[in-house]
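One structure is given here, and the rest of the page talks about it.
Remember, it's a predicted structure, so these values are computed and weren't measured experimentally.
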Amino acid sequence: QVQLVDSGGGLVQAGGSLRLSCAASGRTFSSYAMGWFRQAPGKEREFVAAISWTGGSTVYADSVKGRFTIARDNAKNTVYLQMNSLKPEDAAVYYCAAKYPGRSVGSLGRGEADYWGQGTQVTVSS
């Protein structure tokens with residue numbers, strides 16, 4: 001069992017930056033691939049980024065490539081999403097997710113996850 005707690009959302013101006021964090025419980029965090037998804041009002045949840053258990057493999061949605069960076073610290077049981085050059089269309093509730101086994105970045109890219117965080121709101125003003 002893995003519990004995920006998302007944090008770091010807030011209000012930022014367009015062009016600004018935010019860093020989201022997702023703290024995981026349990027001693028098996030490093031066994032999971034981790035990812036971030038987002039859902040804007042009236043839209044379906046969409047994949048944002050994923051990272052393998054070692055951090056050696058990452059995948060990004062085309063809409064965030066070059067602006068967002070996913071990273072993890074297995075010693076702290078935490079995954080991060082650094083978001084730069086934010087746009088109004090990035091505004092959404094962001095959710096972290098975990099998928100076993102740790103190489104499952106492709107599965108996360110297809111929206112498959114074993115555990116979800118509660119979400120953190122990101123608002124981008126124009």
Student check: side-chain heavy atoms of Leu81 and Val48 closer than 4.5 Å: yes

Heavy-atom neighbours of Gln3 CD exceed 12 at 6.0 Å: no

Cluster companions of Val5 among Ile, Leu, Val, Met, Phe, Trp, Tyr (side-chain spacing under 4.5 Å): none

Spell out, as yes or no, whether a donor-acceptor pair under 3.5 Å connects the side chain of [X] to the backbone of [Y].
X	Y	answer
Glu112	Lys99	no
Thr123	Leu11	no
Ser107	Val105	no
Arg45	Arg38	no

Residues Lys87, Asp90; criterion salt bridge (charged side-chain N to carboxylate O under 4.0 Å, His left out); working and verdict: CA-CA 5 Å; Lys87 305 175 181 179; Asp90 294 318; over 6 Å; no

Stepwise side-chain contact (heavy atoms from CB on, under 4.5 Å) test for Asp114 and Gln1: CA-CA 9 Å; Asp114 297 319; Gln1 188 79 4; over 6 Å; no

Check: Ser17/Asn84 side-chain N/O donor and acceptor closer than 3.5 Å: yes

Sequence neighbours excluded, every pair satisfying ring-ring contact (aromatic ring centres under 6.0 Å, His included) that has a member inside residues 85-111: Tyr32-Tyr100

Inter- and intrachain pairs under ring-ring contact (aromatic ring centres under 6.0 Å, His included), touching residues 46-68, at least two apart: Phe37-Phe47

Cluster check Met83, Leu108: I/L/V/M/F/W/Y, side chain < 4.5 angstrom: no

